[in-house]
**Student:** 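To start, I am sharing the structure in question, which I have written as structure tokens.
A quick note: this is a predicted structure, and the numbers were derived from the prediction, not measured.
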Amino acid sequence: MDALMTALNWENLAANLCYAILAFSYIVTNICWLRALAILALSLEALYFYFGSTPPLWVGIVWALIFVAINAVQLVLMARARLGVSLDEHERSLHQGLFEGMTYVAFHRLLKSGEWRRCDGGRELTVEGQSVSELFVVAEGMAKVEVNGDIVALVQPGSFVGEMSFLTGAPACATVTTVGPCRIFSISKTRLSKLLQVDEELRTAIHRTMGRDLVYKLKCTLPQAEAAQDEAA
Ligand SMILES: Nc1ncnc2c1ncn2[C@@H]1O[C@@H]2COP(=O)(O)O[C@H]2[C@H]1O
């Protein structure tokens, strides 16, 4: 009990504050905040080791400063990566739509791995029953989705094409054809898979985005299917 009271007394306030901040930094999930809090806590620890012990506890001070330096360098690198990202008007609008919530840095890594294309109407993006080698995002324009020759849906701007086979590994469940001039972002699925294997942040963001897009498609498709059933009855 005495030891606990001594540990918590006012003289040890800096040390307790430093370890409380360190403990809090373990709770936060944002890596920037984690590093910033670690820098604050470890700087306080260095001060405590200097002023709180006679002679100063140099081993602790040196290691605290090394940890501060590592975290500071990482923060600067992250800030530079963030500031180095510049998106053009089309990329920004895609980010604000389909990829909303994805960090600029992760979005930029995705963009760098694929390419933008313009195409006219009539271009087949996927063919029902055939394997799909690319994942597409229709940024501008529309595409029709056909199953057994029947149009079952329209792909709206800001939607994926080919995400279902990407997620399941199955062949394309539909033929998707552009119905007018389109601006499309495409990325090789092999390349995307490799990228997602090493980039956890992007993997989480892509899966969340695909999930949201699938929900949207399902919501749009159900009324269309109901209307078709009513017509058939
Ligand atoms: N009901 C639907 N609404 C919108 N897009 C669809 C629908 N059904 C299939 N697709 C798209 O058509 C694509 C065909 O290839 P995938 O199965 O890989 O992925 C599919 C989806 O991207």
Side-chain angles (χ1 to χ4, degrees), residues 85-196 202-228 231:
V85 172
S86 67
L87 303 177
D88 67 25
E89 181 198 331
H90 300 292
E91 294 166 344
R92 247 198 317 275
S93 84
L94 191 60
H95 181 262
Q96 282 160 8
L98 181 63
F99 294 100
E100 190 193 9
M102 189 183 273
T103 65
Y104 271 130
V105 179
F107 184 57
H108 195 240
R109 282 199 293 270
L110 178 70
L111 290 180
K112 273 198 313 191
S113 305
E115 60 181 18
W116 284 99
R117 285 187 205 158
R118 282 192 181 281
C119 56
D120 294 327
R123 159 89 202 273
E124 276 183 352
L125 302 178
T126 62
V127 178
E128 188 179 354
Q130 291 187 11
S131 66
V132 188
S133 60
E134 286 176 295
L135 175 74
F136 304 94
V137 176
V138 178
E140 287 167 24
M142 291 217 277
K144 59 181 177 185
V145 182
E146 288 170 292
V147 177
N148 296 324
D150 295 328
I151 298 180
V152 294
L154 283 175
V155 176
Q156 307 289 335
S159 266
F160 286 111
V161 172
E163 80 292 354
M164 297 183 185
S165 56
F166 178 75
L167 291 171
T168 61
C173 67
T175 297
V176 179
T177 315
T178 58
V179 289
C182 285
R183 194 175 145 82
I184 289 172
F185 176 75
S186 71
I187 179 168
S188 138
K189 286 188 175 174
T190 316
R191 190 149 187 210
L192 181 62
S193 298
K194 282 189 186 147
L195 186 63
L196 299 194
L202 191 56
R203 185 168 66 235
T204 311
I206 283 282
H207 285 160
R208 191 181 50 227
T209 308
M210 284 182 176
R212 229 178 14 220
D213 191 44
L214 283 168
V215 170
Y216 174 76
K217 283 174 177 168
L218 193 62
K219 276 187 181 163
C220 292
T221 306
L222 281 178
Q224 288 168 17
E226 277 168 12
E231 223 169 86

**Student:** Show your reasoning for whether side-chain contact (heavy atoms from CB on, under 4.5 Å) applies to Arg191 and Leu195.
**Tutor:** CA-CA 6 Å; Arg191 190 149 187 210; Leu195 186 63; 5.7 Å; no

**Student:** Is the backbone of Gly122 close enough, under 3.5 Å, to the side chain of Thr177 for a donor and an acceptor to pair up by distance?
**Tutor:**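 No, because the side chain of Thr177 does not come within donor-acceptor range (under 3.5 Å) of the backbone of Gly122.
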
**Student:** Report the C-alpha distance between His207 and Leu167 in whole Å, list the side-chain angles of each, state the deciding distance to 0.1 Å, and finish with yes or no for side-chain contact (heavy atoms from CB on, under 4.5 Å).
**Tutor:** CA-CA 9 Å; His207 285 160; Leu167 291 171; 3.9 Å; yes

**Student:** For Arg117 and Ile184, indicate whether the former's side chain and the latter's backbone hold a donor-acceptor pair under 3.5 Å.
**Tutor:** no

**Student:** With a 4.5 Å cut-off on side-chain heavy atoms, are Val132 and Leu125 touching?
**Tutor:** no

**Student:** To the nearest 0.5 Å, what is the distance between CD1 on Ile151 and CD on Glu146?
**Tutor:** 5.0 Å

**Student:** Taking side chain as C-beta onward, heavy atoms only, is Val176 less than 4.5 Å from Phe136?
**Tutor:** no

**Student:** Enter the distance from His90:NE2 to Phe185:CZ here, rounded to the nearest 0.5 Å.
**Tutor:**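 Rounded to the nearest 0.5 Å, the NE2-CZ separation comes out at 14.0 Å.
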
**Student:** Is the shortest side-chain heavy-atom distance between Met164 and Thr126 below 4.5 Å?
**Tutor:**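 A side-chain contact is absent here, since even the closest heavy-atom pair is not under 4.5 Å.
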
**Student:** Can you tell me how far apart SG (Cys182) and CZ (Arg118) are? Round to the nearest 0.5 Å.
**Tutor:**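 If I round to the nearest 0.5 Å, the distance is 10.0 Å.
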
**Student:** Any non-hydrogen side-chain atom of Val145 less than 4.5 Å from a side-chain atom of Val155?
**Tutor:** yes

**Student:** Main chain of Leu98, side chain of Arg212: is a donor-acceptor contact present, judged purely on distance under 3.5 Å?
**Tutor:**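 Present.
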
**Student:** Evaluate the criterion side-chain contact (heavy atoms from CB on, under 4.5 Å) for residue pair Ser159 and Asp213; output intermediate values, then yes/no.
**Tutor:** CA-CA 6 Å; Ser159 266; Asp213 191 44; 3.0 Å; yes

**Student:** What distance do Arg109 atom CZ and Ser113 atom OG have between them, rounded to the nearest 0.5 Å?
**Tutor:** 9.5 Å

**Student:** Using a 4.5 Å cut-off on heavy atoms from C-beta on, say whether the side chain of Glu124 contacts that of Gln130.
**Tutor:**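 Result no, sub-4.5 Å side-chain heavy-atom pair not found.
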
**Student:** Apply side-chain contact (heavy atoms from CB on, under 4.5 Å) to residues Met102 and Leu202 and explain how you reach the verdict.
**Tutor:** CA-CA 8 Å; Met102 189 183 273; Leu202 191 56; 3.9 Å; yes

**Student:** Would a 4.5 Å heavy-atom cut-off, applied to side chains only, mark Met142 and Pro157 as touching?
**Tutor:**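 They are in side-chain contact.
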
**Student:** Got a second to check how far Leu192's CG is from Glu163's CD, nearest 0.5 Å?
**Tutor:** 12.0 Å

**Student:** Do any N or O atoms from the side chain of Ser165 and from the backbone of Ala172 form a donor-acceptor pair under 3.5 angstrom?
**Tutor:**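 No, because the side chain of Ser165 does not come within donor-acceptor range (under 3.5 Å) of the backbone of Ala172.
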
**Student:** Of all the heavy-atom pairs spanning Ser186 and Glu134, show the shortest one and how long it is.
**Tutor:** OG-OE2, 3.4 Å

**Student:** Parallel under 30°, tilted from 30 to 60°, perpendicular over 60°: which one fits the rings of Phe99 and Phe160?
**Tutor:**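 If you compare the ring of Phe99 with that of Phe160, the planes turn out perpendicular.
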
**Student:** When you measure from the side chain of Lys217 to the backbone of Ala153, do you find a donor-acceptor pair of N or O atoms at a distance under 3.5 Å?
**Tutor:**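 No, because the side chain of Lys217 does not come within donor-acceptor range (under 3.5 Å) of the backbone of Ala153.
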
**Student:** Working to the nearest 0.5 Å, report the span between OG1 of Thr175 and CG of Asp150.
**Tutor:** 11.5 Å

**Student:** Quick check: closest heavy atoms across Gly101 and Arg208, and the distance to 0.1 Å?
**Tutor:**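 The pair with the smallest heavy-atom distance is O-NH2, 3.7 Å.
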
**Student:** Quick one: does Gln156's side chain get under 4.5 Å of Val138's, heavy atoms only?
**Tutor:**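 No, side chains not in contact.
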
**Student:** Is there a side-chain contact between Leu196 and Phe166 (heavy atoms, below 4.5 Å)?
**Tutor:** yes

**Student:** Determine the minimum heavy-atom distance between Trp116 and Ala139, stating which atoms define it.
**Tutor:** CZ3-CB, 3.6 Å

